[in-house]
Every structure is written in C-alpha cells, then in structure tokens.
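Before any comments, here is the structure.
Quick note on labels: first sequence line is chain A, next is B, and so on, each numbered from 1.
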Amino acid sequence: MKYLKPKGTKDIYLEEMAKWQNVESKIREVAKEYNMSEIRTPVFESTELFTRSVGDETDIVNKEMYTFEDRGGRSITLRPENTAGVVRAYIENGMSSAPSPVKLWYLSNVYRYEKMQKGRYREFNQFGVEILGSASYMADVEAILIPLALFKKLDILDEVTLNINSIGCTACRAKYIEKLKSFLKDNLDEMCSDCKVRFYKNPLRIIDCKQKKCKEILQNKPNITDYLCEDCSNHFEKVKETLDSLNVKYNINPDIVRGLDYYNRTVFEYVSNTLDLTVCGGGRYDTLVELCQGPKTPAVGFGLGMERLILLLDDLEKNKIQKELDIYITYLSEKEEKTAYKLATDIRAYGLSVEVDILGRSFKAQMKQADKLNAAYTIALGEDEISNNIVNIKNMQNKEESFTADLDANVIAKAVKAVNKK
RNA sequence: GUGGAUGUAGCUCACUAGGUUAGAGCGCCAGUUUGUGGCACUGGAGGUAGUGGGUUCGAACCCCAUCUUCCACCCCA
C-alpha cells in the first residue's frame, strides 16, 4: 500500500458507484421536471473571482482555498463553491439576454482545505441550482422546492428539516448589526476569543457560536427578522405564505447565517433529523452578478452536498441498489466457448446485459457465478443445443417459468424482454 | 487552525507479564467423479501488523516521529 489517496478525497466504485448513479438519475429527473439546463464550468478559476464574490473575510477564502500560481504567473484557485463560477459564466456568455429566468443546475466537485470529519471532505460534490433573473419571492420558493423534490424521490422527506430565515438587504442588515453590537457591547469581555474577533469583522457570525457563555449572552438578543425594512419584510412574508400554500413545512430560524458574504434576504438550509449534518444550504444573492461586473441581476440558488446526502441515505438504508443482470450464458466445454461468446455479443446488441465466463471456469462454477451476479436468466450451451438449434432459458428466481427458444440472438432477446415486461 | 482518539488479510475483528512459521468470520478462487446455481463440506490464495526510527537477546504489543481515518471545536455541503 504505497500510494494513498490524498487526504480528504474518496474513491467511488462498485456498489457505492451504483448508489451515486441512482441519486444522480433522480437529480436529472428533478432537473427535467423543473425545466433547468445543466451547466459545467471549469474546476479552477482566477483567485480573484472567489475573493470578490465569496468575500475575503470568510473562512472559505481565508483558510480553505486551494490556490496556486500557474506557469504563466496567474493566481488560480480550485473552486471552493460553484455559484461564483456559474455567475462568471452567466456574465461572460451573455446569458442575461436568454429568456429569463435562466435556471441552471450542476453536479460538480469543489475543493476546500479543511480538517477531516465524517461528511467533510477536501474534494466533495455538490448538486446545485442557480436561478438568475427573478427578484420575485416565487424564485426563492422554487429554489426551496427543488431539493424537496429530490428528497421526495429518495423517500427521505420526513428525514430532513427545512430552516429558513431572512437576513435582509444591505440597508436593514446594517441597522440590525448596529443593534446587535450595542446589545453585545457590555458583555463582550465574557465572550469567547472567536466572538471578540467576529464582533469587529463579521458580527452576524456570533449568532451561531456554540460556546456556552456566548449562548447565554445571546439568549435575549434582538432577532434580525424584527429589523427588516418593509420591502424585505414583505418579501419574506410572501415566501412563507407561498410555502404554506404548498404545504411545505419549515422552521423559521433567525439564527441561520450563511458563511458566504453574497447572500441577502432569504437564506435556507435542509438539516438531517437523525445525523448532525446540513445537507443543503442556499439563499438569495441579488448583488453578486453586479459585483462580478455583470448587469444588475437578482438571483437565488443552493448547493447540496452529495457525500452528505449519500451518507444520510446509507444511514437510513434508503439507497440499497440491487445490481441486476439480464442473462448469464454458460457453456459446457471449451467446444461451445466461441458460440457462447458470439451469442452474448449478439444479444447485447439488443440492449440486454449479458455475461459470459471469461475466466475459463467450469460449468458448475459458471452457474454459481450466474447466481452471484443475480442473473435473471441463464442459458446453457452444449452440443445438444447447438446441434438442435434450440436453447432452454432458465428463470433463476422461479424454475417453473423457464422456457425454450431458438438459438438466435433476436429470438432470445425478444423473448426475454417480453417476459420481463409482465 | 485547536484539543482528543484510531490504524492487524478486500471487509468486520481476535491474539497483550513483549518470545517459535500472526488467527477467525465474511468475501475471493477451486474442489466434493464428469450437463445446471442458491445450502453444506473440503482446500487454496491473500498480511514485511499504516510507515520510519528507537528500546530489547527478541515487538503487532513499550517509546518517538510521521501519515491516515474518526470525534469535539472552527467552519460548512
């Protein structure tokens, strides 16, 4: 075991790959149902894109980016999140002139230099959506609904909780921060060292500090929802009303503050009820496109952690994939080997999954193998079958439902497909 | 980045007053007399005990370093 995968990375293979593909296929279904189009952007972008958009006071930018200089002396960073790259692509390719709203989805890997824990990797995958061009609360609602549609398909609707909040616009947030600061000012000495720093750099983050003393002090803090300006307040009310009308259950949690600077108004997250994990986080970002030198464009989006979602599914045993094989062709001796292989190849051309032994196993071992691979049917080829030009197609689950067919790929494929449909 | 754990076959784990060729279950490969799987039985492959040093006549077991993974913070998907 000389070479190990880099810290914080993961190999995905065999059964786990099947689980991923299952989730991915559900994601594609949802994407189609919501009429979104897929976007793929580069794994790396110029460093400045992230420092500008994510915010240079955030932890992501301060200590978690994989940044390096390329051979041309450019500062490059492996994307720590996807929104910035999508927004860059939106502007660069003039997508603002496409019919609004532009609804983009992606499934891509992102990179953060973090200390490992379960559900926390240095390379991980996010399913995400960005809805660009709508300032309406309806867009917020749609962004909230999309993960829900996926959870429903995965049968974990009751296993996650939706938390929402509004952090207002720059104007009302600034007012709130003043209130919060004056509330905390007197007790600042008793707070943890992190919070003392946050007090000056990013006061909102104090809200979700987990230190006991800080929590105590925060008990009677002012809530941002009480300080929203009229527009922001109305917007938030409309979001809630619409969610209610759709029977979407949610908690209003005035303590959720996202770790990226570009959010405003609605922020939301989906949290596992059983594991201590945030599976999905998102919100509105009306100023980001402009900040990245694009046309003024309101937008909302979210990112959903694939590794965490799959971790949750595994924990709930909701993602068990039974691998299936349509036909296993066995042969009695080396004499029938070539006929068997040709038959397999021919049947495969009809879209069925077919396996033949390529290890030189005995007939009996081939049968065992067919069983292990969970083959629906087996076909045994021997001298008799070849001379009579007829084969027995054995149903591996129920011997009584076995049947015969001509030794012909077309006939066999049609017969198996017909039986499968029943 | 801070604090605390962990590491023995592909997987889940045994073996400690430090002492001959490190074990089990599952998995993998094969066989149980020659044309039919799932059970059972038998056999086989597979580990320089994460890696590198040190202590010792002798280390998987003791010490140090390092890496990995995990837990609590931090943060977040």
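With respect to the salt-bridge test (charged N to carboxylate O, under 4.0 angstrom), the residues A:D59 and A:R112 do not qualify.
Taking A:T404 as the reference, nothing meets the side chain to side chain donor-acceptor pair (under 3.5 Å) condition, with sequence neighbours excluded. Taking the salt bridge (Lys or Arg N to Asp or Glu O under 4.0 Å) definition, one finds that A:E385 meets it with nothing, sequence neighbours left out. With sequence neighbours left out, A:E29 forms a side chain to side chain donor-acceptor pair (under 3.5 Å) with A:K153. For A:W20, the side chain to side chain donor-acceptor pair (under 3.5 Å) partners two or more places apart in sequence, or in a different chain, are A:E16.
Within the 4.5 Å cutoff, no side-chain heavy atoms of A:Q369 are placed close to those of A:D357. Counting heavy atoms from C-beta on, the side chains of A:I27 and A:W105 come closer than 4.5 Å. Put simply, the side chain of A:I224 does not reach to within 4.5 Å of the side chain of A:I207, judged on heavy atoms. For the pair A:M367 and A:R361, the minimum side-chain heavy-atom distance is 4.5 Å or more.
Annotation for A:E24: atom CD counts as buried by contact number, over 12 foreign heavy atoms lying within 6.0 Å. Within a 6.0 Å sphere centred on CD of A:E383, heavy atoms belonging to other residues, nucleotides or ligands number 12 at most. Annotation for A:K320: atom NZ does not count as buried by contact number, only 12 or fewer foreign heavy atoms lying within 6.0 Å. Applying the 6.0 Å contact sphere to OH of A:Y341 captures no more than 12 heavy atoms from other residues, nucleotides or ligands.
Nucleotides B:U16 and B:U20 place their P atoms 13 Å apart, quoted to the nearest Å. To the nearest whole angstrom, the two C1' atoms, one in B:G31 and one in B:C13, are 29 Å apart. Across the P atoms, B:A60 and B:A17 are found 15 Å apart, a figure rounded to whole Å. The same atom, P, is picked in B:A14 and in B:A72; the two are 22 Å apart, to the nearest Å. Atom name P, nucleotides B:U68 and B:U2: the rounded distance is 15 Å, in whole Å. Nucleotides B:C71 and B:G7 place their C1' atoms 15 Å apart, quoted to the nearest Å. Across the C1' atoms, B:G58 and B:U12 are found 31 Å apart, a figure rounded to whole Å. With both ends at atom C1', the span from B:A65 to B:C26 equals 36 Å, rounded to whole Å.
Contacts between residues 377-389 of chain A and RNA chain B, defined by a heavy-atom separation under 4.0 Å, are made by A:A380, A:E383, A:D384, A:E385. Interface residues of residues 332-344 of chain A facing RNA chain B, ordered by number: A:L332; criterion, heavy-atom separation under 4.0 Å. Near RNA chain B, meaning a heavy atom under 4.0 Å from it, residues 29-46 of chain A has no residue at all.
Position along RNA chain B of the nearest nucleotide to A:V257 versus A:A365 favours A:A365 as the more 5'-ward residue. Checking A:Y113 against A:K364, the closest nucleotide of RNA chain B that is more toward the 5' end is the one next to A:Y113.
With A:K342 as reference, A:D346 is the one residue of A:D346, A:T339, A:T345 to meet the side-chain hydrogen bond (donor to acceptor under 3.5 Å, both in side chains) rule.
Phosphate proximity of B:G31 to A:S362: present, with a side-chain N or O under 4.0 Å from OP1 or OP2.
Look at CD1 on A:I358: it is 15 Å from C1' on B:C29, rounded to the nearest Å. Rounded to whole angstrom, the span from the NZ atom of A:K63 across to the C1' atom of B:G1 amounts to 6 Å.
Ranking B:A77, B:A40, B:C29 by closeness to the A:R308 side chain, first place goes to B:A77.
Counted by atom type alone, A:D56 and A:T51 present zero donor-acceptor pairs between their side chains at under 3.5 Å. No side-chain donor-acceptor contact under 3.5 Å links A:E355 and A:Y328. Looking only at atom types and distance, the side chain of A:K221 has a donor-acceptor partner in the side chain of A:N223 under 3.5 Å away.
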Sequence neighbours left out, cut at 3.5 Å: what donor-acceptor pairs do the side chains of residues 128-147 of chain A make with other protein atoms?
| from | atom 1 | to | atom 2 | distance (Å) |
| --- | --- | --- | --- | --- |
| A:E130 | OE1 | A:Y285 | OH | 2.5 |
| A:E130 | OE2 | A:T83 | OG1 | 2.9 |
| A:E130 | OE2 | A:Y106 | OH | 3.0 |
| A:S134 | OG | A:S136 | N | 3.2 |
| A:S136 | OG | A:M138 | N | 2.8 |
| A:D140 | OD1 | A:H235 | NE2 | 3.4 |
| A:D140 | OD1 | A:R284 | NE | 3.0 |
| A:D140 | OD1 | A:R284 | NH2 | 2.6 |
| A:D140 | OD2 | A:H235 | NE2 | 3.0 |
| A:D140 | OD2 | A:T266 | OG1 | 2.6 |
| A:D140 | OD2 | A:R284 | NE | 3.1 |
| A:E142 | OE2 | A:K103 | NZ | 2.5 |

Quiz: residues 167-181 of chain A side-chain donor-acceptor pairs under 3.5 angstrom, not counting sequence neighbours:
| from | atom 1 | to | atom 2 | distance (Å) |
| --- | --- | --- | --- | --- |
| A:R173 | NH1 | A:I167 | O | 3.1 |
| A:R173 | NH1 | A:G168 | O | 3.0 |
| A:Y176 | OH | A:P222 | O | 2.7 |

Give every pair of a protein N or O atom and an N or O atom of nucleotides 6-8 of chain B that lie under 3.5 Å apart, one pair per line with the distance.
none

Can you check nucleotides 68-70 of chain B for protein contacts, nitrogen or oxygen pairs under 3.5 Å, and list what you find?
| from | atom 1 | to | atom 2 | distance (Å) |
| --- | --- | --- | --- | --- |
| B:U68 | OP2 | A:K7 | NZ | 3.1 |
| B:U69 | OP1 | A:G8 | N | 3.2 |

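Judged by centroid separation below 5.5 Å and plane tilt below 30°, A:F363 does not stack onto the base of B:G35.
Annotated stems with RNA chain B as a participant read B:1-5 with B:69-73, B:10-13 with B:23-26, B:28-32 with B:40-44, B:50-54 with B:62-66, given as range with range, by first number; only runs of 3 or more Watson-Crick or G-U pairs under 3.5 Å qualify.
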